[in-house]
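Read the structure below first, then the notes.
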Amino acid sequence: MDQRVLDAQRWVNATYGSFAGYAACPENGKTGWATMRALTSGLQHELGITPLTGSVGPATFARLTERGEIRPGEPNGALVRIVQHALYCKGYPGGAAGGVFDGPTIGGLRALRQDAGLPGLADGVQPKVFRALLTMDAYVLTSGGSPAIRSIQQWFNQAYYTRAGFFIVPCDGHYSRDVQQALMKALQYAFGVPDESANGLFGEATRAGLRRSPLGPGSGGLLVRLFSAACVFNGKARFRTDKGDWKYREATFTDHYGTVLIDYVRAFQEFSLLEKTGRADYATWAQLLVSFGDSERRTAACDTSTPLTAARARALADAGYALVGRYLDNAPGGRNKKIQPGEPAAIFAAGLRVFPIWQYGARDLGDFTYATGREHGDLAHRSAAGHGFGRGTVIYFAVDYDATDEEITSNIVPYFHGVQASLASRGRRYVAGVYGSRNVCSRVSGATFTAFSFVSGMSYRFSGNLGFPLPENWAFNQIKEFSFGSGADAFPLDNDVHQPHSDPGAASVGGTADPLTDYLRFIDELYAVAQRYGDAPSRCVLEYLRYPVYTKPGEGWTELIGDVDRAWIRYAEQHAPPRVARYSDPSLGITVEAGHFGATANGVLLKGDGPGVRAAGRGDFAGWGGDLSSFYGEWRRESDAYASGYAFCQARLARPDVESSFPLNDLVEDVDAHLVAWETRRGTPVNVAIRSHLESGHRTRFTRFFEQRYGGSTAGVLSAAHAMLTTNDDKDLSVIRAGVMAKAAGGTLLLPQQLPAEKLTPFLEGYADVLHRLVQQE
């Protein structure tokens, strides 16, 4: 509780509580919107506005502007007290709060203006500053915020403060709806749109201006600056190297279209499935600015609520579509949207694939509870199985309304926990995906580990699509609704952009094909080759899986667990079957890299002590310990934005939707490798252990790992993780570990043993919490 905030709450309630329209704020000493609205009501009363609404709308702002700036010496003590209390609620010194515009009040206002990028304003309270005071916007970097984004926010305020329709934006380092609209207004100003018409929307005047404004190498000036700001707002861009690895590019705020911007744009275009030109063409501008991007672009996927006849399916294929989304069932009392008997055969005969959608209502908050999620998971499984959809098919559960952040927390996330629990109870034949706004997709993916996102991009005015980048795990982005075909056979269709390296959809139903077939066959054949080579076939299999990526000089693996048997590698290259380098996980749908799994399992097999051991050594470091060490270095690199290690774990650890040094697929590879290696140490051939795990053991992988490695307790996780990051019994391992941390941190850093316990412990608790949530989901 903050005493100054409590004083503000008591004063404003006592002073204005009897006036019509006033809504009392809680007197709890905690800043919140209720307190800010109460102070706003006080301002309205002092301006002569009735009834009180608690909102600085156009009428209140016009009256405030008419009254003019509040300066030192202001005779209305109540107005000054509102300013002082608002400053305290925002964390700035406000003076004695006695209604005298004193030195501390001036100092608090100067600090706020400095943080907001407006240091040149006079020592008064200008109307726009007063409006900013009465919001919950922050003007300092907050947890998870980006210093690069904050510098752009400050520049926006400085550059456009005097424009009539531009209000002070937050400077907290987060891309948000207000910041996105500020960028749109800045573009409209640049295109010559009058201030009174600049509305921050993606209207025709804005689209026309963008079409007139292609940029490329060598371009400069204001439009490049705004374009680069849009790039920074959209975050790091992922691209695939020639070797198949994912890498990232980061943009900088600049007015010169140079190499850094070109490289970022090419990566962003690849991630967004645009032509990789490196130029700021209309399609790239649009993709950076609005969730549907260029709605007229050609797409390879679509979805429809209309049953498809053979003729309609052929027409879609002839039009260039490769995938179509169809509904698994009809909501009670709803219209006929579901896949009809014989429809899958017609779709597949036309050469199309299917991605199934589940939606019962899903248009109101009340449609989402944990119990409803359990029910819908059961019904979706039954329907998908009834149609014959095979193992590993992704089902997209819909959130078809503009859910706010609070609603996502209170209802949407519990609903998806229910869905996941239901699918788990039925053997995880199907994988959960999420349909919704960008924010819904990211939040649900991060909290419930849904594999893929189907983004409702064409609903671009959804608050969940404004100020949020496209999630990393997007598979489909819905960008346009229109009527397909002509005459009596025309039907409504949505165009969906499809990310090729994601959910491929189902190509058949009713068969026995399994997405793991090729990988398991490869492992069996490789094991047979290893048996013909000589002794230790299980070790040989794992060495071949890790070769050559995890045997490169300077990468630490050889120093950690030793080199591979080079004679075996030469023999295997002559006799082994073609490599299967990756496969889709049967539980989570994510891509698993066989090389990383093999390296980790090889390390546990050679250097691990088996399950149940509390010490942390090289076997652990080959898997979860090494990844946690790298993740620690990443946290220290981002410590300005994430003072709390726990918050950093929640934001980045094991999430499929954001860039991270410890993503979900790495954790799965670590856990699977430990379980398989432990089973192999007990005498089970590695191919049998892998097959058993991927055919059934994956359903309880996190539970078994939690119990076997950590004794089934959070205390065990914390103890092992602390030992992994801090113990120095193995001097060579300590050197390797420090190098991993420093590489992730981008230079020197405070090692974990140098951090005070109150800083390190929340980081360890964050790891334990994420693991515990995965256990609970099983």
Side-chain angles (χ1 to χ4, degrees), residues 2-27 29 31-116 118-137 139 157 161-162 164 167-168:
D2 188 311
Q3 183 62 46
R4 293 285 192 174
V5 175
L6 180 59
D7 291 342
Q9 292 167 335
R10 288 172 173 171
W11 176 81
V12 73
N13 283 340
T15 306
Y16 301 105
S18 63
F19 296 108
Y22 180 82
C25 59
E27 297 181 4
T31 302
W33 269 112
T35 302
M36 291 306 190
R37 284 192 286 266
L39 290 170
T40 301
S41 292
L43 169 64
Q44 290 176 320
H45 175 78
E46 298 303 326
L47 294 175
I49 296 173
T50 57
L52 309 179
T53 65
S55 173
V56 183
T60 299
F61 186 73
R63 187 74 63 87
L64 184 60
T65 302
E66 179 183 339
R67 189 195 185 284
E69 183 177 328
I70 299 171
R71 300 182 176 90
E74 167 63 46
N76 186 331
L79 274 179
V80 176
R81 291 189 71 162
I82 292 170
V83 170
Q84 292 169 326
H85 286 310
L87 282 168
Y88 275 119
C89 287
K90 279 193 165 315
Y92 294 95
V100 177
F101 207 129
D102 55 10
T105 305
I106 292 172
L109 287 165
R110 285 178 179 174
L112 181 144
R113 291 195 301 265
Q114 181 76 33
D115 290 341
L118 300 167
L121 294 182
D123 284 334
V125 188
Q126 297 78 18
K128 289 184 180 180
V129 172
F130 211 148
R131 183 182 185 275
L133 268 174
L134 296 172
T135 69
M136 284 298 292
D137 292 344
Y139 300 101
N157 289 336
Y161 172 80
T162 59
F167 294 103
I168 298 172

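- Using a 4.5 Å heavy-atom cutoff, the side chains of Val12 and Tyr22 are in contact.
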Review point. Stepwise, does the side chain to side chain donor-acceptor pair (under 3.5 Å) test hold for Tyr16 with Glu46?
Key: CA-CA 10 Å; Tyr16 301 105; Glu46 298 303 326; 2.7 Å; yes
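- For Arg63 (side chain) and Leu47 (main-chain N/O), a donor-acceptor pair under 3.5 Å exists by modelled atom type.
- Note that the CD1 atom of Ile82 and the SG atom of Cys89 stand 11.5 Å from one another [nearest 0.5 Å].
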**Study point:** Stepwise side chain to side chain contact (heavy atoms under 4.5 Å, CB included) check, Leu6 with Glu27
**Key:** CA-CA 6 Å; Leu6 180 59; Glu27 297 181 4; 4.0 Å; yes
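- Taking 4.5 Å as the limit, every side-chain heavy atom of Thr60 sits out of range of all side-chain heavy atoms of Ser55.
- In this structure, the side chain of Gln84 engages the main chain of Val100 through a donor-acceptor pair within 3.5 Å.
- Leu118 contributes atom CG, which lies 8.5 Å from atom CG of Leu112 (distance to the nearest 0.5 angstrom).
- Judged purely by atom type and a 3.5 angstrom limit, Lys90 uses its side chain to pair as donor or acceptor with the backbone of Asp137.
- Side chains of Thr31 and Asp2 form no contact here, defined as non-hydrogen atoms less than 4.5 Å apart.
- The minimum heavy-atom distance between Ala34 and Pro26, with the atom names listed, is CB-CD, 3.7 Å.
- When all heavy atoms of Pro72 and Asp123 are compared, the pair lying nearest together is CD-O, 2.9 Å.
- A distance of 9.0 Å separates OH in Tyr92 from CG in Leu133, rounded to the nearest 0.5 Å.
- Taken from CZ in Arg71 to CD in Gln126, the straight-line distance is 8.5 Å, to the nearest 0.5 Å.
- Contact between Ala24 and Asn13 at its shortest, heavy atoms only, is CA-OD1, 3.4 Å.
- Considering Val125, Val80, Val83 as possible partners of Glu74, the one that fulfils the side-chain contact (heavy atoms from CB on, under 4.5 Å) test is Val80.
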Point to revise | side chain to side chain contact (heavy atoms under 4.5 Å, CB included) assessment of Phe130 paired with Val56 | key: CA-CA 10 Å; Phe130 211 148; Val56 183; over 6 Å; no
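- Side-chain N or O atoms of Gln44 include one that pairs as donor or acceptor with a backbone N or O of Thr53 at under 3.5 Å.
- The minimum heavy-atom distance linking Lys128 with Thr162 is given by the pair NZ-C, 4.2 Å.
- Distance check: His45 NE2 to Thr50 OG1 gives 10.0 Å after rounding to the nearest 0.5 Å.
- In this view, Phe167 and Phe61 satisfy the ring-ring contact (aromatic ring centres under 6.0 Å, His included) rule, not counting sequence neighbours.
- Atoms CG and CG, from Leu134 and Leu39 in turn, are 6.5 Å apart once rounded to the nearest 0.5 Å.
- Listed here is the closest heavy atom pair of Tyr161 and Val129: OH-CG2, 4.2 Å.
- Relative ring orientation between His85 and Trp11 is described as tilted, the plane-to-plane angle lying within the 30° to 60° band.
- Of all heavy-atom pairs spanning Gln114 and Pro119, the tightest one is OE1-CB, 3.4 Å.
- Using a 4.5 Å heavy-atom cutoff, the side chains of Arg67 and Leu79 are in contact.
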